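Worksheet: the structure to be examined is printed underneath.
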Amino acid sequence: MQSETTEGGIFFRPEDDFDPAKIFECGQCFRWNPDRSGTYTGVAMGRAVRLQACEGGYIISCTEKDFADIWFDYFDFGRHYADMRARLSTDAYMRAACEHGAGIRLLNQDKWETLCSFILSQCNNIGRIKKIVEALCRAHGDPIAFEGGVRYTFPSAEKLASLQAEDLVPLRAGYRVPYILSAARSVAEGRLDLDALSGLSFDAALHALKAERGIGDKVANCVILFSLRIPEAFPIDVHMKRAVEAHYGKLFDPSVFGELAGLAQQYMFHYQRTGKDPYT
DNA sequence: AAACAGGCCTAAA
DNA sequence: TTTAGGCCTGTT
C-alpha cells in the first residue's frame, strides 16, 4: 500500500476495494459519520480521526505511526478484496451481490466495543443504536480533543463494570442495560478473555460468547466477524434470513463459502438492504 | 392505537 | 428441538 505523510495526515492509495460510504454504512460499525462532502469522522481504537477523499486516494488525520500500528489493520488492508469478490462470484446472485458491494471491507474493530455495541443492537435500528452508543461514550468515555471540539472514547469494560443499572437509565437502552453490565463484569473480572477468543476456532469462540447473558447466535457472530477476525462467522438476522432462504433454501450452510463466509454475508446483507434483488 | 423493530430468554410442547 | 410471548423504548 502506497502511503506518505502529507498536510493534515497520511495520504494513502488503496490497492483495491475501498468505499468509505459502503464500509461505514453497511452496519458493521456505529461511530463513523459523514459530513455533506462525504468526509467521514469517526472515533475508534481510542482515537478520533477524519477520513477524506482527495485526488488519487484518501487522507486520514493521523500520524505515520498510528497509520501503521492501528488503521492499516483496522481497515483490513492486508487482504485483497477484489480477489475475494472474484472467488465469491460463484453464481448469478453472488456475482450481483459482490458487484453491488464492491468497495466494502470488513473492519477489524475493538473487541469490547463490538461486543457491547452489538448487545445494544438487538431489536433496534441503526439510528437508535448509534444514539445509545454515543450517549454511552459521552457519559462514560474519556474526552479526546478533536478539531477544536471534543469526542469521547468508548468506555472500557472496567469502567462500565463499576457502574450500576440506574447509572445507565439515561441511555434509554431498556432491557439491554443488564446485559452490557453483565458482559462488562465478565470481561473486567477475567471470566471472558476476548483477546484469547480470537485464537480459538469459530465453534469455540461462539460457544464462549453465547455463555454470556444477552448474547445469542446473531450477536456472537457479529462479534466474531467484526472484531475477533475469525472469517467464517456468518451473522443471520431477519434480512439475511430472507435473502438466504430466497436463494439457497432453508438448508443453506454458510460453510460452503469456507473462510470467505463472513465476507459473503456482508455482500449479501448489503445487497439485501440497499440493492435491487428481484427475488426478495 | 397497536404493531413492529438488524434478538434473547424462558417456559412449554 | 422448535415455538410463543414478553421485554425497554421509539417510531409509525
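Quick caveat, the model's predicted, so the values are computed rather than measured. Chain A is the first sequence line, chain B the second, and so forth, proteins listed ahead of strands; every chain is numbered from 1.
Shortest non-hydrogen contact noted between A:Gln109 and A:Ser227 is O-CB, 3.3 Å. Taking every heavy atom of both residues into account, A:Thr280 and A:Ala243 meet most closely at CG2-CA, 4.1 Å.
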Go through the steps for A:Glu99 and A:Arg85 under the test salt bridge (charged side-chain N to carboxylate O under 4.0 Å, His left out), then give the verdict.
CA-CA 8 Å; A:Glu99 192 170 329; A:Arg85 265 190 297 117; over 6 Å; no

Set out, in order, the CA-CA distance, both residues' side-chain angles and the distance that settles salt bridge (charged side-chain N to carboxylate O under 4.0 Å, His left out) for A:Lys241 and A:Glu245, then state yes or no.
CA-CA 6 Å; A:Lys241 193 168 189 309; A:Glu245 290 186 3; 3.1 Å; yes

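Nucleic acid contact class of A:Phe118 (heavy atoms, under 4.0 Å, all strands): none. Across all strands shown, A:Ile119 has no heavy atoms under 4.0 Å from either base or sugar-phosphate atoms. At a threshold of 4.0 angstrom between heavy atoms, the contacts of A:Gln272 with the nucleic acid are absent. Within the nucleic acid shown, A:Arg172 comes within 4.0 Å of sugar-phosphate atoms alone, with no base atom in reach, counting heavy atoms only. A:Gly216 comes within 4.0 angstrom of the backbone, heavy atoms only, and of no base.
With a 6.0 Å radius and a threshold of 12 heavy atoms from other residues, nucleotides or ligands, A:Glu64 has its CD atom at or below the threshold.
Computed from coordinates, the A:Asn124 CG to B:dC8 C1' distance equals 13 Å when rounded to whole Å. When rounded to the nearest whole Å, the span between CG of A:Leu206 and P of B:dG7 equals 16 Å. Here the C1' atom of nucleotide B:dC8 and the CG atom of A:Leu115 are 14 Å apart, to the nearest Å. B:dG7 atom C1' lies 10 Å from atom CG of A:Asp217, rounded to whole Å. Whole-Å rounding puts the A:Leu120 CG to B:dA5 C1' distance at 15 Å.
When the P atom is compared between B:dC8 and C:dT11, the two are found 23 Å apart, to the nearest whole Å. C:dG10 and B:dC9 are spaced 23 Å apart, taking the P atom of each and rounding to whole Å.
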Its dot-bracket string being built from Watson-Crick and G-U pairs below 3.5 Å, with | for another strand and [ ] for crossing, DNA chain B has the pattern .||||.|||||||

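Put simply, the side chain of A:Tyr152 does not reach to within 4.5 Å of the side chain of A:Glu134, judged on heavy atoms.
Heavy-atom distances under 4.0 Å link DNA chain B to A:Asp237, A:Val238, A:His239 of residues 232-243 of chain A, given in residue order.
Classified by interplanar angle (parallel below 30°, tilted 30° to 60°, perpendicular above 60°), the ring pair A:Phe18/A:Phe75 is perpendicular. Ring planes of A:Trp32 and A:Trp71: perpendicular class, angle over 60° (limits at 30 and 60°). Between A:Phe234 and A:Phe252, the angle of the ring planes lies from 30° to 60°, which puts this pair in the tilted group. The aromatic rings of A:Trp112 and A:Phe154 lie perpendicular to each other, with more than 60° between the two planes, well past the 30° mark. Using cut-offs of 30° and 60° for the angle between ring planes, the A:Tyr248 and A:Phe257 rings count as perpendicular.
Donor-acceptor pairing under 3.5 Å, judged by distance alone, is present between the side chain of A:Tyr175 and the base of B:dG7.
Each of A:Arg229, A:Arg79, A:Arg105 was evaluated against A:Asp73; a single residue qualifies, A:Arg229, per the salt bridge (Lys or Arg N to Asp or Glu O under 4.0 Å) test.
Look at A:Arg213 and you'll find a side-chain N or O under 4.0 angstrom from OP1 or OP2 of B:dT10.
Mapping A:Lys131 and A:Cys123 onto DNA chain C via the closest heavy atom, the residue that lands nearer the 5' end is A:Cys123. Mapped onto DNA chain B by nearest heavy atom, A:Gly214 and A:Ser121 fall at different nucleotides, with A:Ser121 at the one closer to the 5' end.
Of all nucleotides in DNA chain C, those with any atom nearer than 4.0 Å to a heavy atom of chain A start and finish, going 5' to 3', at C:dC7 to C:dG10.
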